Number of protein chains: 2
Amino acid sequence: MNIYDIAERAGVSIATVSRVLNGSPNVSTKTKAKVLGVIEEAGYTPNVFARGLGLNTMKMIGVLCTDVADIFYAKAVSVIENALRQYGYDSLLCSTGKNIEDKQKYIDLLLAKRVDALILIGSIFKEETDNSHIEKAAAKVPTVIINGLIDVPNTYCVTCDEYQAMYDQVIHLNKKGCHDILYLYDVESYSGLQKLNGFKDALKHCGFGVNPKLIAKVDKDMSQIEATVIELLDADIHFSAIIASEDQLAIGAMHALQKKGLRIPEDIPVIGFNNSLLCECAMPKLSSVDNMVETLCNTAVNVLTDVFDGKTVTNKMTLSAKLVERDTFKL
Amino acid sequence: MNIYDIAERAGVSIATVSRVLNGSPNVSTKTKAKVLGVIEEAGYTPNVFARGLGLNTMKMIGVLCTDVADIFYAKAVSVIENALRQYGYDSLLCSTGKNIEDKQKYIDLLLAKRVDALILIGSIFKEETDNSHIEKAAAKVPTVIINGLIDVPNTYCVTCDEYQAMYDQVIHLNKKGCHDILYLYDVESYSGLQKLNGFKDALKHCGFGVNPKLIAKVDKDMSQIEATVIELLDADIHFSAIIASEDQLAIGAMHALQKKGLRIPEDIPVIGFNNSLLCECAMPKLSSVDNMVETLCNTAVNVLTDVFDGKTVTNKMTLSAKLVERDTFKL
DNA sequence: TTGAAAGCGCTACCAT
DNA sequence: ATGGTAGCGCTTTCAA
């Protein structure tokens, strides 16, 4: 069933059918109704490939992250996919893993599928050289980066000010008398580095040195996190609070504290990051910095549609985060 | 840059370029090298729309679930997307929400995009009439359903035997002397119903009646779950164990127990379901039934590729689940 | 308001 | 082994 069949049945030309299909005003109400009737009756759906061939778009956006199984990315993907759909775009999903070559490969794959744009969620890039895959992508289609900052044409960055957020939490803890803060993190993504720097700078600002022993890089693995913290405790390395760059790390740390009979927050307050479902699952419930995934992602999609609409758009937008107080730390 | 440009630059016909592109054996090594060189140099990528138009496929699979933000679906989507990519297929993601009309709408949307197949993860359908959207879909493309069972042509169901798994847990608890078991669940999906029935049947098998007060339907909301369990406790409705159809519900219940000063598992053992990340986050760590998402999803993709390859495939496959023992319950 | 026809860039069949 | 060419089903311009 194609446009020719419809045209024939409706007794008009394919041009007219096409006009009806695309809502052109230059069709008489009568023919329009007639054509619509035939379409309905035949259960006809235009062939998107043919349309794509002519228009050079299939209204699809490539959405990339390291792994959708991750609770944070999952939420982001969910919001993005929904927002895009409102604008009539579908999401071509791609979990790239952390390997940079794979990322490049998958970006190429999506570009080969002729997506209209790319949305990268939390792309990892420590060094400038790592960003070539983004430059290549942006050379072909508008590319928006969520929680990443890069200065490349045709690239739009929507970030959360995690540096400031982390900075603020250290200040808060300091005011409560916590000077020795254990910092837990896992990845050195843009976002990861922002947080780490926020932590360090705040300490300096408070006049305290940065104790490297109190900055622990861990894998996102519960038992490993627990082990790491217990090791520190056993080694009598003193700290009076914990901040983690991710809720999961914070919870791992909480387990360690609890095993050692330390009370949270009385003995050691704990602050997580991302304000994920895990916060509510922890016991006591985890206070966490909300980095605004939802707003971030909706903004990203808005930016993109603005770009499509030819509007002038800022290349960089930053939202501020805020602490959600629960039981492990209160202001 | 199209196939004509390449042909011209390489001094061959477009037919030859096409052959090279599609790995036809009927090309001399020499011309092949020449063409490949030109392609490489020009950075040419075939237009998938044109190809799709001729072949009537763009190697895309529609992947649907109620919401990717859900930790279980996120994992499933992740596995599926990866598996599909191995076979050269991309995933067109769609979070449908629970509304049946929306599902139908989104399925139509994906079908309009001419996806090669549909994978539905945990589609909800209580009554037979609710399945029309699946029938319609299967009439057009092969449809595989993960954790759902339906008898429709061109439909392939891959399920986990959650009925049996739930049944078994009740038996286990009974052997430990727990006869009054509180059952917590949230949705009445196929999967949800399987579990509920497994629970009820096991109780009957043990010679105990099903106490409706000990079967609580709750929202997936921590405070609501806590409140529900605390209410039961306060009303002196006795139970000596808890089983939940989802880890999150189990954790909510644990919070309630802990608030009431009950020890887990000494006073009340707790068993969750899905063996998600949440299990490790709980304190004590949650024993949970692993419903094999990974295997389930990989199997689903295998089934699909077998269908594509014209192999004869079973319409129904069932995997068995197994309890992962942690701290809240041990055999 | 409507129709005719020229692409869009590929694949595959038929020749050679 | 290679080339010519007819579709694939649509959009869009140009004429009427």
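None of these values were measured; they are calculated from a predicted model. Below, read A as the first sequence line, B as the second, and so on, with proteins coming before strands; counting in each chain starts at 1.
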Please state how far atom CG in B:L53 lies from atom P in D:dC8, giving the value in whole angstrom units.
9 Å
In whole angstrom, give the distance that lies between atom CZ of B:R19 and atom C1' of C:dC10.
14 Å
Taking all non-hydrogen atoms of both residues, which atom of A:A74 and which atom of B:V68 are closest, and how far apart?
CB-O, 3.5 Å
Atom pair distance, as rounded to whole Å: CG in A:D5 and C1' in D:dC10
13 Å
Any donor-acceptor pair under 3.5 Å between the side chain of B:Y4 and the base of C:dC8?
no
For a quick check under 3.5 Å, do B:Y106 and B:N99 share a side-chain donor-acceptor pair by atom type?
no
The residue, A:F49 or B:S13, whose nearest nucleotide of DNA chain D is more 5′ is B:S13
Please report the closest heavy-atom contact between A:P142 and A:D116, naming both atoms and the distance.
CD-O, 3.6 Å
Rounded distance (Å) that lies between atom P of D:dG9 and atom CD1 of A:I3:
11 Å
B:L55 CG - C:dC8 P separation (whole Å):
21 Å
Proximal nucleotide (of D:dG9, D:dC14, C:dG9) relative to the B:N2 side chain:
C:dG9
What does A:S18 touch in the nucleic acid at a heavy-atom separation under 4.0 angstrom: a base, only the sugar-phosphate, or nothing?
base
What's the closest nucleotide to the B:A15 side chain, out of D:dC10, D:dC8, D:dG4?
D:dG4
SB check A:D151 A:K316 (cutoff 4.0 Å):
yes
What does B:V12 touch in the nucleic acid at a heavy-atom separation under 4.0 angstrom: a base, only the sugar-phosphate, or nothing?
sugar-phosphate
Spacing of A:E8 atom CD relative to C:dG3 atom C1', expressed in whole Å:
15 Å
For A:K59, I'd like to know if atom NZ has over 12 heavy atoms of other residues, nucleotides or ligands within 6.0 Å.
yes
What I want to find out is whether B:K105 reaches B:E101 closely enough, with some N-O distance under 4.0 Å, to be called a salt bridge.
no
Output yes when a side-chain donor or acceptor of B:N147 lies under 3.5 Å from a complementary backbone atom of B:C160, and no otherwise.
yes
Rounded interatomic separation in angstrom, taking CG from B:N47 and P from D:dC8:
18 Å
To the nearest angstrom, the CZ-P distance between A:R51 and C:dC10 comes to 21 Å
B:G54 vs B:I14, nearer the 5' end of DNA chain D by closest nucleotide
B:I14
Mind running a 4.0 Å heavy-atom check of residues 21-39 of chain A against DNA chain C and sending the residues that fall below it, in number order?
A:N26, A:V27, A:S28, A:T31
